Amino acid sequence: MNARVLIKNLAALDDGLVSVSGWVETVRDQKKVQFVVLRDESGAVQLVNPRSTDAEGVVVDDEPATTISGLSQGSFVTVTGQLKHDERVKLGGIEIKLESLDVVTHAIPETPIAADSSLDKRMDWRFLDLRQPKSNLIFRIQTTFEHALRTYWIEHDFIELHTPKLMASASESRAELFEVEYFDTKAYLAQSPQFFKQMAQSSGFGKIFEVGPAFRADPSFTSRHATEFTSVDSEISWIDSHEDVMQLHEDLLVAAFTAVKAKHGEEVLALFGVEVTVPTTPFPRIPLAEAKEIVKSRGYEVPRDDDDMDPEGERQIAAYVAETYGHEFVFLTDYASSIRPFYHMRHEGDASLTNSYDLIFNGTEISTGAQREHRIDVLTEQAIEKGVDPAEIAGYLDFFRYGVPSHGGFGMGLARVLMLMLHQASIREVTYLFRGPTRLEP
Ligand code: AMO
């Protein structure tokens, strides 16, 4: 038997006998000839089966014609046949004239979802929804994106970590914390690898990264929040300020966007109508207070003066940056201490501001980064000021008592980046299996 060929590789082959496997997308069962469009993970191809006739010219029911007549959409099959290049064939200029067709599994003919089904319905049947070429492309892009980040980290001597997701205390804040039974006690699901990526600095690891799950008991139903998401984290020692973290962050994104554009740029344009743009460095940097003024001058006032940028403010500042600098990214820097966690280092000489940033991409936050406070006395004071009981985070505070270098890092939501890169309306579209307040299945 011929070895299986991926459909995308057929075009490069000479005419001759081939074997392909995949699922049935459409069947056109005509009187004199049958057409099947077969799809696999790499593309689609037309199969053609001219019906046989008897001596009087009457069509006879032979194989594989009978099987094709009963073939339901979605069934998985293996076929062999003669590959033929023919410019007249719309689908890729090739077709396969069938010699045999084996049905591996029959699909129930009535598919539960259609192209116009609601997002929620599609998510109920995610395994079928993912058969769409667009979904398949999203996860190939994600693979390339992560691979490019990892290549950058490895080439720059970073160490990969897998920090535990079962924790004895909160890792970000007491809000949005999942509590789980843990034998005779309680454990919490990690909201971020924050504490343990900082621990690696105290351990003398220098530069680290982690790509792993993070959990937030966030009851909201926005398009950009999930209760479980993949967090892309990195942390580096010996920095002078958050500027060093921002430089690392933009270099990583340039590497990842370059790889995605090179490998998938044409397909993204064809399927999503989106041009992948490799960002130029340095990305624009705007202190938060100034960004709020800019947004105000555009006619939108961010509610409450001491608060974070809200989603509309993020969209407005992104529009300003796009118009002024032609850039899709902007670092908003120097957030007020009042809205940042206790572990962010504050400005020397102005404790009201932090050495921190948020990264906005196409109008939505994708990341938070900061220089960390590494001086144990200042860190403890800041914790107390924020209402964090030092006794509760005693293990974390110990990391700073036995020597630790200056350091900083960032956390970035993987799905947010993909959603904004591909101009998708929700992270549900770019998450393999979304988890939200009312979704635990499939
Ligand atoms: P922060 O809480 O801002 O910072 O989270 C970092 C990034 O993670 C993503 N994110 C989410 N994505 C989907 N659903 C959610 N519920 C969700 N929450 C957060 C966002 C966000 O920008 N420890 C710090 C990072 C650091 O300083 O290193 C932290 O977790 O893209």
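Everything numeric here is computed off the predicted structure, so don't read it as measured data. Atom set for the values below is all heavy atoms of this structure, side chains included, hydrogens, waters and symmetry mates excluded. First listed ligand is number 1; within each ligand, the first listed atom is number 1.
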Near Ser192 (heavy-atom distance under 4.0 Å), the atoms of ligand 1 are 23 (N), 30 (O)
Considering both backbone and side-chain atoms of Thr368, is one of its nitrogen or oxygen atoms within less than 3.5 Å of a nitrogen or oxygen in ligand 1?
yes
Arg28 charged N/C atom sitting above Phe35 aromatic ring, 6.0 Å / 45°
yes
Of all protein heavy atoms, the one nearest atom 8 (O) of ligand 1 is Phe229 CE1, 3.5 Å
Could you tell me the residue and atom name of the protein heavy atom closest to atom 20 (C) of ligand 1, and the distance to it rounded to 0.1 Å?
Arg416 NH1, 3.6 Å
List ligand 1 atoms under 4.0 Å from Ser367, heavy atoms only on the residue side.
22 (O)
Tell me which protein heavy atom sits closest to atom 29 (C) of ligand 1, plus the residue, atom name and distance to 0.1 Å.
Glu172 OE2, 3.7 Å
Restricting to heavy atoms, the pick from Arg340, Glu228, Met412, Arg372 nearest atom 28 (O) of ligand 1 would be Arg372
Does a donor on one side chain and an acceptor on the other come within less than 3.5 Å for His264 and Thr144?
yes
Around atom 30 (O) of ligand 1, find the nearest protein heavy atom and jot down its residue, atom name and distance.
Arg216 NH2, 3.0 Å
Ligand-side contact atoms (ligand 1) for residue partner Glu365, heavy atom cut-off under 4.0 Å
3 (O), 21 (C), 22 (O)
Kindly give the heavy-atom pair with the smallest separation between Arg140 and Glu41, and that separation in Å.
NE-O, 4.5 Å
Taking 4.0 angstrom as the limit and counting only heavy atoms of Tyr343, give me the atoms of ligand 1 inside it, by number and element.
23 (N), 24 (C)
Between Lys292 and Glu301, does any NZ, NE, NH1 or NH2 come within less than 4.0 Å of an OD or OE carboxylate oxygen?
no
Near Arg224, which atoms of ligand 1 are under 4.0 Å from a heavy atom of that residue?
13 (C), 14 (N)
Salt bridge check: are Asp358 and Arg340 linked by an N-O gap of less than 4.0 Å?
yes
Start with the C-alpha gap between Gln201 and Ser237, add the side-chain angles, then the distance that decides, and say whether side-chain hydrogen bond (donor to acceptor under 3.5 Å, both in side chains) holds.
CA-CA 6 Å; Gln201 309 309 305; Ser237 288; 2.5 Å; yes
Side-chain touch Val302/Met309, heavy atoms, less than 4.5 angstrom:
yes
Contact check: Ala226 vs ligand 1, nitrogen or oxygen atoms, below 3.5 angstrom
yes
So the atoms of ligand 1 within less than 4.0 Å of a heavy atom of Gly411 turn out to be 6 (C), 7 (C), 25 (C), 26 (C), 28 (O)
Hey, which atoms in ligand 1 end up nearer than 4.0 Å to a heavy atom of Lys197?
26 (C), 28 (O)
Do Arg285 and Glu243 sit within salt-bridge range, that is, some charged N less than 4.0 Å from a carboxylate O?
yes
Among all the protein's non-hydrogen atoms, which is closest to atom 31 (O) of ligand 1, and how far away is it?
Ile366 O, 2.8 Å
Mind listing the closest non-hydrogen atom pair of Gly313 and Val295 along with its distance?
O-CG2, 3.7 Å
Between Glu429 and Lys134 (salt bridge meaning N to carboxylate O under 4.0 Å), is one present in this structure?
no
